[in-house]
Structures are given as structure tokens and as C-alpha cells.
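A short worksheet on the structure shown next.
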Amino acid sequence: MKSPKSPLGAPKPLPPYDHMSIESKWQKQWAKKKIYATKEDAKKDAFYVLDMFPYPSGEGLHVGHPKGYIATDVVSRMKRMQGHSVLHPMGFDAFGLPAENYAIKMKTNPAIAVEKNVKRYKEQLEMFGFDYDWSREINTTDPAYYKWTQWIFLKLLEKGLAYESHEPINWCPSCKTGLANEDLEDGKCERCGSVVEKKPIRQWVLKITDYAERLLADLDATEKPLMIRDTGPDAVRPGMPLEERNAVVCVVKHWSEDKFLCLRWKSNDWHGLVVGGVEKGEQLAEAAVREVREETGYQNVRFVREFAKLDSQFYQAIKKVNRFAHFTGVYLELTDDAWKDIDEKEKALHEVVWLSRAEVAGFLNRPDMNYLWDVFVGKVKAEQPALDWPTSIKELQRNWIGKSDGMIFTAPVKDTNLTIQTFSAHFEACYADTFVVIAPDHPFLSTLLEGTKDKQKVLDFCAALVAKRAQQGFAEEKESEGIFTGRYIVDPLGNGDLPIWVASFALADYGTGIVKCSAHDDRDFAFAKKYGIKMKTVLYPKDAVLAEKVSAQEVCFADAQAGVLSEPKEFAGKNARSVRKEIIAHLESKNLAKKKTTYRLRDWVFSRQRYWGEPIPVVHCEKCGVVPVPEKDLPVKLPKVKSYEPTGTGESPLAAIEKWVNTKCPKCRSKKVNGVRPKARRETNTMPQWAGSSWYYLRYMDAQNKKALVSPDAEQYWAPVDLYVGGAEHATRHLIYARFWHKFLYDIGAVSTTEPFKKLQHVGLIMAEDGRKMSKRWGNVVNPDEIIATYGADTLRVYEMFMGPFDQQIAWNTNSMIGSRRFLERVWKLVGKVQVGSAASSTGASSTEVESLLHKTVKKVAADIADMKFNTAISTLMILLNALDEQPAGVSREQYETFLKLLAPFAPHMTEELWAQLGNKTTVHLASWPVCDEAKIQEASRKIGVQVNGKVRAEFEAPGGASDAELEKLALALPEVQKWVAGKQVKKVIVVKGKLVSVVVAE
RNA sequence: GCCCGGGUGGCGUAAUUGGUAGCCGCGCACCACUUAAAAUGGUGUUCUCAAAAGGAAUGUGGGUUCGAUUCCCACCCCGGGCACCA
């Protein structure tokens, strides 16, 4: 059959889809017309989409790198079409070890190597047709940029958050520099794999630990519910987690009077009994009781009954009203009359009122409440996490910060006037402590040993332990080793004199570096057994046989959660964990210990003894000491040098550049004192790779500003970053550092938000076809240049988005790409079937079914893109394409244009070309995004499945508005159903509107 | 050891809030077009039984339910992170 004729005559022959010429043509046009220029337009909502900017290596991009960039490009294009002012910038992070090591290898200056690599990266990025506004490009190695990195350092110094330290730090012998804890992997240098040593070197350190508590707490911070701020299609997203929607509604009856307690929502005219959400793993009744206790302070609440199970039909009926969520009703009763006031802070949003029976009835009869199914409906938007981040990344940060609540014990050292402090987070069994261990590299050790007869022997032993650690890495040590110091502490808890041992497992830089030990810790127990140290038990399991073994010190029992204490006598017979609070009070009241919180997070070692980094802007003056470089003298430029190889002496190569190093003290101007001119030398350490990336997202907002790192106007317009996309490997480095700096900048008033990134989305790695990481080493790298030449950038973009869930790791498969190419070619060909006749053709050429599908697609594609579910968005577009293509009368221009708009974010070049072919003079990328017409997606009839005893036996077409009774009748009349039902007693029929009829018969 | 994810056809995956498991794509088979091939279009494609009817099936085993990929309990496997952190 020939393709249908256009009303205007014979169909034009279609040109083939020539991606090469189309893509380069439109890339030039877009650049020329500056269609992606970003503006701070007060009339539009700002939307800031950000990629983790690349670190331009010498190898260029492989096909895995751009996956995240494609995603942000798709989102930014849709948001722009939806009328937002969009900031979608790009830049380069280029200071630091990788660039420097590469330069050393290639025997070029890092500055030149970086310039070359950036150029190559930009060329590659441009081939993808991304919508960056290059006028905001940044480069961390640009003095105009790092001026502000240095400025932030000066502010940190001013506030006492940057300090010099001589403590031993991680030293990589191969890279010849100090490293932060975050730069280690398995005790080895993350860059080169060498085992790091502990080396005492003068370092600049940032006090990130001062922010540990806020970095931790803000991960869980919530935003108070904003009532219907956004009534657009985004307000209730499909796929929004149940916890966000499913709230419990409680009716709480007074214990004696005929009164009902109501938690009233005051804002937006909403009166509700909304109590809160059901948490995962929680029963409805538990949730209701818990929430009422938390919200009102009423403790004596008894669960009476649940009103009914949620009815899904009901949700269907109100689903389209985006501000409604559904709840389930629970009936509780107060068991006493103890009045409690609710929290002051909550009063603005809630109040507790008592209603009479009549009032409750009236209340429940509101139109937004539905009695019929005992399910109440109202407006609610549950408290949302302030950080819309994947739970996994939040969890990684929590682990990294490693908060631990415990107690500090202080004890005198026998025969000396010294005291020792020990930290314990598992202090419930502290009455079992019988010895103390100290780390072999503890700075206090030599003082402690002063005057003991074996001092030198112990010190030698410790030195050997430390050397062994450095050699083989910490993790590989299996069995603990130790030596008795000859000293004892006098136990404050009355267990007499406790020996102090050096133990290889003790860490000098956690807690106090000294630990009180007992039989109730696996490691301590093994250590004591090995060296025959006396032990004592105070914690026993419930099982009598096992308890006997614990008592005999045959096995170690360390489970405070399950164990029962025997000492101190105040808590004898009690479960250890449940009396934790009381033990704290007991120890504090007797002045035996103090509460203390410690963190695993260490301060950030911030200096590198390397050339390629931002110079730390301070001067060391013989007379004035450390003097910050005045702001007006920033940036302190990195000098050009001939030799930039690391020295290994603990000094950076900059130290050798006399002309640069020797300077005037900014404070005393190096004026002569008693005829001698005080010498002033610049700091020669440089900043780590992570410095520039800790604040770069702010600079894009106002990239050219010479007076401030960002102007308040620009910052307030754009901040925070609405969507941040990048690899999960940055969870404990870049993302912690950036949050730390951001909070600091907030504290000094430089930014207006407490967190930099509102929503974080991590991108799943693209693996090579062999399942390994793409790497030059394996020879499995797929080059995007070649793929683009063969298939086109649009095909590559569609393929990468269609491969699978965006956040999932997935293997590249060039063969599968053909599907995406075919899809685009079918779109290309479909333009030949577009009917360009009268206006009537838009209805004439399309059935209501296709129209309905079109509008469903409009809705789903927008929701999926906003949700980063690109694979299903494309799948939906494919389904629509199949339907449009199969229409016998061709496709209407309106349908086709809508389709092009939906596809435009994914395949910007091809859609632009087709858009122009239809005669449009303006770009598709600034056209308005299609809007779903809800009326059109209602269906006239639906397929209903019929189950008999849970098994699907038949299906039938039912009219859209059929009632439950009608559906039941229709279903039971079906012969396939009768076959299973005939002669049996029908016990129950369940009707799920629009879905299925379930018949239960007696067996 | 501890903490997160995840296990669905030959493969990548989909499944709205507990409601007809396998959408979309790849691959494969057959058909059309072609001298032929490629490309394109069409049909089919979870397994099992010769077909139909039926049965089985979402890592394993149990539970709740009229109904479970989805909720609960236990276990196995894979991926990632943390790890002498007291």
C-alpha cells in the first residue's frame, strides 16, 4: 500500500536522515542566536541544574562520562520550555594531583596540559549539543576564580577555622605530599595506591569537626509543610513515596467525657485531624499512637479500632486533584485526663481543640471528607526532607561523620601526679573494666613512662609497632599486640589499680587515644586472654548456660542490647541498654564521668606540598608570625616555574623560587627593628584538589563578578541548586567539603541558604561491554566521537537515557543502540504522513483513543523527566509513535508538533530540523511545553479482569461509568467465569473500579 | 563484622497506592519486498504440555490477604560503602 496522499498533492520525497549535517547546522545556529543565554528574569521561576564539573584528564571523554550531562540537559530543556529561567552551566576543575602527575609524565607544564585538555573536553561536549551558556564558564585554575577560593581561606583563618598543625598526618611517599583522611582508600593513597605513612609535617588544617554536628543534623532536617505552594503538575508526583502521602487521621476520644480530640491544621483553611505519616515497617495503629504521643504529648492513648482499609477506588476519584492525599482512619481513646500542652513552636501550624460529638460529625461531613469508605481526605503535604538526596548517600555521610555518644572517665595514674582520660561509648558495663590501653603512637606516652624501669623497652616496642603499621597498612593486622607500661590507674569505680598497656589496636586520634577495657568487648577480651590480664564480668545473657560460660570467662559477651547487668548494684538485674540514661545520670551525679560526643570525622588536612594548586594566601614574618595576605592583594598568583616536581622534603617546589617566596610582611612592612630587617616568606604549601570545587556552584550564578564571589542578588535568585547530578563516589569528599564551606559562607553572611544542593541525583556508571570499568588499561573504552559520527549525537543521547534506570550501573552495548536510531528514523519518516489540510483534520485524522494516549504521554513524559525516569519517558514516546504511525489517515500537524516538543529535550537537533520543516520560524527549544488536557484522558470504556479465587479467568470491556453492581453482574455473566463459579457458593465479590472484579467461591 | 542498594524472559528493562506480571527496546524465528543480501515493513517470541484447555513462574522458604514483584518474618546470592572508631 502506498502512503496516504497529502491533501496538497503527491507526498514530497523525504530526504534521508543525515545526522551529520543536521547536528552541525543547528549547533552553529543555536550559538549564533544565543538561544540558551541565561538571564535573571524576575518574572520567571529560577531553576538551577548543575553537573559535577569534569576534571579534564588527558584522555578525553568516553561514552560513560556524558550520561549525567545528557540528563541535566534534558531536564534543563524541559524546564526552559515550561517557562523557567534556567541556569545550566559548565566549567572545569583542573588543579590538583591528577593534572600535575599527568603533566610530569608528559613533561609539559601543568598549565599548558590543562589548557589543552580543556579545549579537547569542550570540543567533545559541544558535539552533544548541550544547552550550556558558555559565557558563565569557569576554570578553577583561573586566577580570577581562585582569587575567591583564597578569599574563603582568609575568612576561615579569620574565624579560627584554619590552623597550623604539626600533628602526624597521612603522607604519600610516592606523590610526596600530605593527604586528608578522605584521600585514602583502604589505607592507601587514592591516586597512586601507595601505602601512606604517618609523618609529622607542618600543615594547614581546616576545622571541619566544628561543623560535624550540623553536617550530620541537616541531613535529616525537614522543611515545614508548605501548603499548596505549587499547584502545577509537579505538586503530587506519580511515584511519590507512600510515606509522603500516607498520613494517619486520628479520632481520639476523651476517657470519660463525650469529647473528641482534634489536631487542627490552621493554615489554608484546612481543618484536619492529620497526625502524621506511617513509617516504613510500622503498623497503622503503632503509627497513630506514636504520632499522637509525639504531636500532643498525650501518653496514655489506647488503640481501639481502625476504621477501614484504604479503598483504592476512592483515590482514583480524587487523584486528579493534586492537593489531595489519602489517609487511613484510626480510632483511639485517651485513658486518663492528664492535660498536656503541645510544643510552642508547633502552635503556628497546629492547635489542639476539643470537639463535641456534633462538631465531629459536622467536621467529618465536609465535602473533602468521605464517610462512605471510612477514609478521610484532606489537603496535606507531609514534612519534606530539606535535602532531597538518595538515602544511600545520606547514609554514607552519616557513617563518615561517625557520631558516637559516650562518656569520658578521668583517673589518676598511680605513683605520679598525672591523670588519664578515657572515652567509651559502650559504658553500660564500665564496672567490668580491669585494664587500660593506650595507642603506641600516643603523644602522652613518653610522659606516662617517665620514671618506669622499662621505659626504653616499651618505647622501642611502640616504635616497632608503628613501623609495622606504616609498612603493611593498618587493616592487614590480624592479632593485637601489646606491652605492659609499668603504670596503673586508680580506678574511680573502685576496682582497685588497673594496669595500663600499650595495644596495637588503640588509635591515637580517636576519642582520647586511651581506652578502659573490659571482658565485655571482643577485642579487649582477646587481648586480655593473650596477655593473661585479670578480667571481671558484670553483663550476662538471659540464657543460663551461656551466662555460666561468660562468668567463667570462657566466652566474651558484649551485647548490651540483650544483656543484664550485675553491677553497679543500683542496676543489678536490669537490661543494660534500657538503663543507659540512668547510668549516665548515676556516673555524672557521682562525678565519675562526663558526657562526651566524638566523631569519626577528622579535621581536613588542607595543604599539599605540591606545585599545582591554589597558593595558600599567608605570609610568615619573623616578627609578626603568620600574617594573612590582605584581601586587596588577592589573588596570590601561582608563579610560573621551570621545575615543578615534588621535592619530598615536606616543602613544596614553590619554596625554591626565591623571588616569589621572599616578600614584605603585609603587617609590619618588614621595617627594620634594631637595624635588622625581619624576613618574610610566603606560604609555599598549596591547597588540595577539592578546594576549588567546594564552592564553584556559587560562581556560576555570577561568574564575572570582580567585587564578590557572588552578588547577593544573583545568589538569592538562583540558590540553592535545584538539581545536582553526579557520581556517588563524591559522597564523602566533595559533597561533605562543599556542605562544610557552604555552611561557613552562610555563617559569615555570604550566602542565604544553609545547604548548597536541594536535590541530589547520582548517576549510575556506564560500564564497558565486558562489564568492567571503561579504562585505557583494559582497552575497552568506547569513544563518543566515533559513536556520534556513526549514529549521531541525538541517537547517543536517546540511547543513554533509554538504557535503564538512570541511577543504576549498566553495561554499554553498541548493538542495542540500533533501537534508538530506528526510533529516531521512524520519527523522521512520520513527517511525511503529517496532514497539512484544514483545521478539521486534527480531529478528522485522529481517533479519540490516540488523542487520549497523546495526552497521557504529555503527562507522563513531564512527570518522568522531573523524576529522572528518562527510560520510561522514552518508552512512552515510543508507544505514542507506534500509535501515531498506525493511524490510517495519517497524523495531524498538532499531534506531530506535540510529539516533537516532547522529544526535543532528548533529541534536540533532529526535532529542531523537523520543526523547521513544518514551517516554524522560531526554535522548538523555546516553544511552550505541551499541557495535558485531563478531560481527554478519561476513557469511554475499560478492560476489566475477572479473578475467581485469586486466579485470572476472564476479561471484558466495561463502560467507563459502570457501577460496582453492574460490573459484578457483567463479570458473573461471562461464560469463562460461570465455568468456575457454577454450582458453587459465591461468598464474596470484590470490585476494584476500572481494574478488576474478584469473585470468591467456596471450594 | 556493621550500614546501604539490588535479585523479574535469551539480554537491557516495565508494572500507577496490594489489583489482569513481562510494557518499550535488543536478540531470535518466520513472512513480504529483493536476482540476492542489507535496510525496511509485518507476524510471533516467559516456561511447560504436540495443540487447546490447563498448570508453573518475579532469588529461596514461610506469613498476612479475595488477591503479593509490591507488606511482614527468616535465609541465600550479587553490588557498593565503612571498618581495630572503644
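Naming convention: chains lettered A, B, ... in sequence-line order (proteins, then strands); numbering from 1 in each chain.
Contact between the side-chain N/O atoms of A:Asn399 and the OP1/OP2 oxygens of B:A83 is not found at any separation under 4.0 Å. Residue A:Lys979 has a polar side-chain atom (N or O) positioned under 4.0 Å from OP1 or OP2 of B:G54. Distances shown here put every side-chain N or O of A:Arg821 at or beyond 4.0 Å from the OP1 or OP2 atom of B:G25. Under 4.0 angstrom from either OP1 or OP2 of B:A83 there lies at least one side-chain N or O belonging to A:Arg600.
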Filtered N/O pairs between nucleotides 6-9 of chain B and protein, under 3.5 Å:
none

Within the sub-3.5 Å range, which N or O atoms of nucleotides 26-30 of chain B have a protein N or O partner, and how far apart are they?
residue : atom : partner  : partner atom : Å
B:C26   : OP1  : A:Arg822 : NH1          : 2.5
B:G27   : OP2  : A:Arg822 : NH1          : 3.4

Expected rows: protein N/O vs nucleotides 61-70 of chain B N/O, under 3.5 Å:
residue : atom : partner  : partner atom : Å
B:C66   : O2   : A:Ser998 : OG           : 2.7

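Judged by distance alone with a 3.5 Å cut-off, no donor-acceptor contact links the side chain of A:Lys859 to the base of B:U16.
Distances were taken from every side-chain heavy atom of A:Tyr510 (C-beta onward) to each of B:C24, B:C85, B:G19; the shortest belongs to B:C85. Proximity note for A:Ile879 (side chain, C-beta onward) versus B:A86, B:C24, B:G41: the nearest is B:C24. Between B:G81, B:G55, B:C24, one nucleotide has an atom nearer to the side chain of A:Arg953 than all others, and that is B:G55. Of the candidates B:A15, B:A86, B:A83, the closest approach to any side-chain atom of A:Trp400 belongs to B:A83. Among B:C4, B:G25, B:A86, the nucleotide with an atom closest to any side-chain atom of A:Met878 is B:G25. Taking every side-chain heavy atom of A:Arg826 into account, B:G41 is the closest of B:G41, B:G55, B:G19.
Around NZ of A:Lys594, the count of heavy atoms belonging to other residues, nucleotides or ligands within 6.0 Å does not exceed 12.
A salt bridge is absent between A:Asp220 and A:Lys394: the closest approach of a Lys/Arg side-chain nitrogen to an acidic carboxylate oxygen does not fall below 4.0 angstrom.
Annotation: cation-pi geometry satisfied between A:Lys516 and A:Phe409 (NZ/CZ under 6.0 angstrom from ring centroid, within 45° of ring axis). The side-chain tip of A:Lys869 does not point at the ring of A:Phe806 from less than 6.0 angstrom away and within 45° of straight on.
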Self-check item: Chi angles and distances behind the ring-ring contact (aromatic ring centres under 6.0 Å, His included) call for A:Trp501, A:Phe435
Solution: CA-CA 8 Å; A:Trp501 284 67; A:Phe435 63 107; 7.6 Å; no
Quiz item: Between A:Phe870 and A:Phe802, does a ring-ring contact (aromatic ring centres under 6.0 Å, His included) hold up when you go through it step by step?
Solution: CA-CA 6 Å; A:Phe870 307 107; A:Phe802 183 61; over 10 Å; no
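Per the geometry, NE2 belonging to A:His426 stands 11 Å off C1' belonging to B:C2, to the nearest Å. B:A39 atom P lies 12 Å from atom NZ of A:Lys829, rounded to whole Å.
Glycosidic conformation of B:G9 is syn; the angle stays within 90° of 0.
Residues A:Trp828 and A:Phe823 keep their aromatic ring centres 6.0 Å or farther apart.
Not counting sequence neighbours, A:Arg600 has no partner by the salt bridge (charged side-chain N to carboxylate O under 4.0 Å, His left out) test. By the salt bridge (charged side-chain N to carboxylate O under 4.0 Å, His left out) test, A:Glu769 pairs with no residue at all, sequence neighbours left out.
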Quiz item: Could you spell out the base pairing of RNA chain B in dot-bracket, with Watson-Crick or G-U pairs whose two distances are under 3.5 Å, [ ] crossing and | to another strand?
Solution: (((((((..(((......[....)))((((((.......))))))(((.....)))..(((((..]....))))))))))))....
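Looking at heavy-atom distances under 4.0 Å, A:Leu396 makes contact with sugar-phosphate atoms alone, never a base.
The P atoms of B:C71 and B:U58 are separated by 15 Å, rounded to the nearest whole Å.
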